**Q** 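Dumping the structure here so I can ask a few things about it.
Every value quoted in this text rests on a predicted model; they were computed, and no experiment measured them. Atoms within a ligand are numbered from 1 in the order they appear, just like the ligands themselves.
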Amino acid sequence: MDSISRRDALLAGAVGSIAAVSAFQAQAQTLPSPSRGPGHGGTDVGPRDPARDLENPDMLNPPATDSGTLPNLKFSFSDAHVRQESGGWTRQITERELGISKSIAGVNMRLNAGGVRELHWHKEAEWSYMLYGSARITAVDANGNSFVEDVGVGDLWYFPSGIPHSIQGLGPDGCEFLLVFDSGSFDEDSTFLLGDWFKHVPPEVLGKNFGLPASVFGHTPDPKELYIFPLPIPTGTDEIKGASPVPDSFKYRLLAQTPQVMPGGSVRIVDSGTFKASKTIAAALVELEPGAMRELHWHPNTDEWQYYLEGEGRMGVFASSGQARTFDYRAGDVGYVPFAMGHYIENTGTTPLRFLEMFKSSYFADVSLNQWLALTPRELVTGHLRLDADFMAALKRAKSPVVL
Ligand code: MN
Ligand code: MN
């Protein structure tokens, strides 16, 4: 039985019918043990969480090369609080959930058809990847240029810090997307909301500001009603007549980019070189075939924040000082690699593994272990590693990212 159907059987056991319970007991015999063999670990007689143990084989039974303490580098959106609103829902993974993630925070949001994420702004820049459906996004920059565009699956947007914007789910079924902010301390509950401000300015001041009697104001809905709320699905193009467009579009079609294709999969890279507006977030969309691996590498500029789109995989992280740990990931998980730590990502499942790598940087950069050694004098390399000529001959000069 493969690990997915075993997990399903165990989950069925947790529901509690007698048949399912005996299936549970039968399957419990095949649960992995925290043991690499005699003299390494032992059995786990419980209490235990079988579904989690099956999802995290490298936590329960780590490779012998793992060593020392590393901060937690994984958090699942399934463990994040969901804020349910009249037009959809939202949940976030920030440094409050994943303590190590100081440079980036993420939000997963669903807008039903017509559902609007209220007109708002925030201190952090916002980068987004559309996961499902389509949305209409709007913004105005500090020079009075306007932006209104529709985005679909695989499209990105980027709103610079402090720039006001909105998002609305379109037909037939709204949208779901990932938001990435260039600070780990971002909080979805602390954005500057249009309705909230109107509620906290005296009506006579609003009157003076808009050239109308004070009596016009004071009827704005409670800010809690507007955060994500339903409106009719927009019709037409919503073009703002006579307005000048933003000089660099806030939209980029990542899936329209031709990927770098390699034997093990493919990579698409997007940073301010290709998506000019995206000044503080660089990203890569990586696809790995079953068994394939994103080769050993590190990033010379900043931390890496990951979002797993589909499949199952594991990442091994080398932290210097003899420390290394391995984490398992699946769709909906967030992973993190602190600045400069070496790592690899391997597809351990039976279907493609797709994930996003994101960096708080204007540019994407990484260093390949293989390329480094290939471009270093031979005597120096063999003197360190004591590997023979076959190893030296196998080294490749290919620039990362390489998927094998
Ligand atoms: Mn926003
Ligand atoms: Mn990386």
**Q** In His299, which N, O or S atom comes closest to the Mn ion (ligand 2)?
**A** NE2
**Q** Which heavy atom of Val140 sits nearest a heavy atom of Gly144, and at what distance?
**A** CG1-CA, 4.2 Å
**Q** Suppose you place the vertex at the Mn ion (ligand 2); what is the angle out to Glu304 OE1 and His343 NE2, to 10°?
**A** 90°
**Q** Can you label the angle between the Phe275 ring and the Tyr252 ring as parallel, tilted or perpendicular, going by 30° and 60°?
**A** parallel
**Q** Can you tell me if NZ on Lys399 sees more than 12 non-hydrogen neighbours from other groups inside 6.0 Å?
**A** yes
**Q** Less than 4.5 Å apart, side chain to side chain, heavy atoms only: is that true for Ile163 and Tyr158?
**A** no
**Q** Do Arg354 and Tyr308 meet the cation-pi criteria used here (NZ or CZ under 6.0 Å from the six-membered ring centre, within 45° of the axis)?
**A** no
**Q** Scan Phe181, Phe192, Phe159 and name whichever one has a ring pair (Phe, Tyr, Trp, His ring centres under 6.0 Å) with His122.
**A** Phe181
**Q** For N/O/S atoms only: which one belongs to His297 and is nearest the Mn ion (ligand 2)?
**A** NE2
**Q** Would you call the rings of His297 and His299 parallel, tilted or perpendicular, where under 30° means parallel and over 60° means perpendicular?
**A** perpendicular
**Q** Checking Ser103 against Tyr336: is there a side-chain donor and acceptor pair closer than 3.5 Å?
**A** yes
**Q** Using a cut-off of strictly less than 2.8 Å, determine whether Glu357 has an N/O/S atom near the Mn ion (ligand 2).
**A** no
**Q** Sorted by chain and residue number, which protein N/O/S atoms are under 2.8 Å from the Mn ion (ligand 1)?
**A** His120 NE2, His122 NE2, Glu126 OE1, His165 NE2
